[in-house]
There are 2 protein chains.
Amino acid sequence: MPKTSAVLAKEPVRQPAKSAATRRKILDAAARTFRDKGYAATTLNDIADAAEIRAASLYYYFRSKEDLLDAVFGIGMQRVVDAVRQRSAALPANATLAQRIQVAIEAHLEMLLQQGDYTSANIRIFGQVPKSVQRKQLPLREDYAEFWRELLEKAQKAGEIRAEVDLGIMRMLIFGALNWCTEWADPKKGPVREIARQATMLVLDGIARRKK
Amino acid sequence: MPKTSAVLAKEPVRQPAKSAATRRKILDAAARTFRDKGYAATTLNDIADAAEIRAASLYYYFRSKEDLLDAVFGIGMQRVVDAVRQRSAALPANATLAQRIQVAIEAHLEMLLQQGDYTSANIRIFGQVPKSVQRKQLPLREDYAEFWRELLEKAQKAGEIRAEVDLGIMRMLIFGALNWCTEWADPKKGPVREIARQATMLVLDGIARRKK
DNA sequence: GTCTATAAGGTGATAGAC
DNA sequence: GTCTATCACCTTATAGAC
């Protein structure tokens, strides 16, 4: 909430930098704690401790615990949407399915495993969060789903994906393979790049050795 | 807790059928509620209501909320282990990788989506549950992982899985694709069989049309 | 076995001083 | 902006009657 301006002040209007920084600290703390413990098990005291303030001060920045959760979710989903769209847009227009899939998988996994707790919090705990918050997030989720839906549909129409593939089911299976990585993958123990490589391999060619 | 017997009674010792039935009702209610809302958000009153008793009565059957969770988890994991092992054992000794994978995937998905809330509760909320409960469940989980590890290792040694496949990563990606189904698949809206078919297709051959 | 009553402690949220 | 103090409520768990 920026000051409503002070037109006649000699000093340039100070952006409330400190306030913004505190807000960010709260969001960071909330994202990490929600991600690790889930929504219900996380208390405002947990978040306040991690953000180095008192629990009551949270209410200067957010109206309620649900509001804070909603903010974390929004940031997390927006980030993955932006990352995947941006990286895909950078591909040449004639890029193959294999290239497009690989780029999307890499971007998705990087946001999930390296970039931040916001996206992984969203992915991990979404299903066990108050329905009201889920509902508010649906448009953004749908936006992301739409990206993949288009990608896969175009590829199937172009003959790059076999006709027997049910795109609706397959898209969710692919999301599953990727999203589940929050449950086991540790970027400190192995490069995300290698996971992305194996995931791309799975999606495009499976694991079997055979002649198609 | 069965009666400690009454050797001289004319009537055969009555199994505490009513007690066992109540215990089962509690477990069923707990599995469903944990699955839907998560562990922390589920109160003992929620469970008691669904089981049609008072919350205090739960303590006649379980020492604590954690104990109840542990029981639900144990049943859920045991069921999927049994189902997958049993169905796999029924295959002929010379069954191919494709057949073995398909059978395991089908059994896993059926337990997850049709058979009960116990397995899906375990899969869904495991990551956001007290560490003490997670630790108690590890041996059983490891047991199940071992089944897949063996299946994949044998297949790769036999040349049925390409050498470039990292079995550790790939196993977790496959688990992800399957386990994520609890988040979106609805057996009422489409047959589990078809999801299993697509999942098997993904794992064995991916989605791309190309000559290997 | 199941209940009512209650303890002991924590929760999200608000009021108001500074 | 951040704090201390506090409220009203809900939680897990126990005690003891029936």
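Quick note on labels: first sequence line is chain A, next is B, and so on, each numbered from 1. Keep in mind that what you see is a predicted model, and the values were worked out from it rather than measured.
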Given DNA chain C, 5'-ward residue of the pair A:Asp46 and A:Ala56, judged by closest heavy atom: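 Final value for this comparison: A:Asp46.
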
If each of A:Arg63 and A:Ala41 is mapped to the nucleotide of DNA chain C with the nearest heavy atom, which maps nearer the 5' terminus, i.e. the 5' end?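 Upstream on the strand: A:Ala41.
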
For the side chain of [X], starting at C-beta, report the closest nucleotide among [options].
| X | options | result |
| --- | --- | --- |
| B:Tyr61 | C:dA13, D:dG1, C:dT2 | C:dT2 |
| A:Lys65 | C:dG12, D:dC3, D:dA13 | C:dG12 |
| B:Ser57 | C:dG1, C:dA13, C:dC3 | C:dC3 |
| B:Ser64 | C:dT4, D:dA13, C:dG12 | D:dA13 |
| B:Tyr59 | C:dG1, D:dT12, C:dT4 | D:dT12 |

With a 4.0 Å cut-off on heavy atoms, is B:Thr43 in touch with a base, just the backbone sugar-phosphate, or nothing at all?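 Here B:Thr43 touches the backbone only, sparing every base.
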
Do the side chains of A:Asp117 and A:Arg124 get close enough for a salt bridge, i.e. N-O under 4.0 angstrom?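 Judged by the 4.0 Å cut-off on N to carboxylate O distance, A:Asp117 and A:Arg124 do not form a salt bridge.
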
To the nearest Å, how far apart are [X] [atom1] and [N] [atom2]?
| X | N | atom1 | atom2 | value |
| --- | --- | --- | --- | --- |
| B:Arg24 | C:dG1 | CZ | C1' | 19 Å |
| A:Tyr39 | C:dG12 | OH | C1' | 9 Å |
| B:Tyr60 | D:dA17 | OH | C1' | 17 Å |
| A:Glu52 | D:dC3 | CD | P | 11 Å |
| A:Lys25 | D:dG1 | NZ | P | 15 Å |
| A:Glu66 | C:dA13 | CD | P | 8 Å |
| B:Phe34 | D:dT12 | CZ | C1' | 12 Å |
| B:Asn45 | C:dT2 | CG | C1' | 15 Å |

For this output row, return yes or no: ring centroids of A:Phe175 and B:Trp184 closer than 6.0 angstrom.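 Judged by ring-centre distance (under 6.0 Å), A:Phe175 and B:Trp184 do not meet the cut-off.
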
Using a cut-off of strictly less than 4.0 Å, decide whether A:Thr22 has a side-chain nitrogen or oxygen near OP1 or OP2 of D:dT2.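 Affirmative; the distance criterion is met.
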
I'd like to know if the side chain of A:Glu106 and the backbone of A:Arg193 have a donor-acceptor N/O pair within less than 3.5 Å.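 No.
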
Pairs where residues 117-138 of chain A contributes a residue and the test ring-ring contact (aromatic ring centres under 6.0 Å, His included) is met, not counting sequence neighbours: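 Sorted pair list: A:Phe73-A:Phe126.
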
In a check of side chain to side chain donor-acceptor pair (under 3.5 Å) between A:Asn122 and each of A:Arg141, A:Gln78, A:Arg35, A:Arg79, which one passes?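 Answer after filtering A:Arg141, A:Gln78, A:Arg35, A:Arg79: A:Arg141.
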
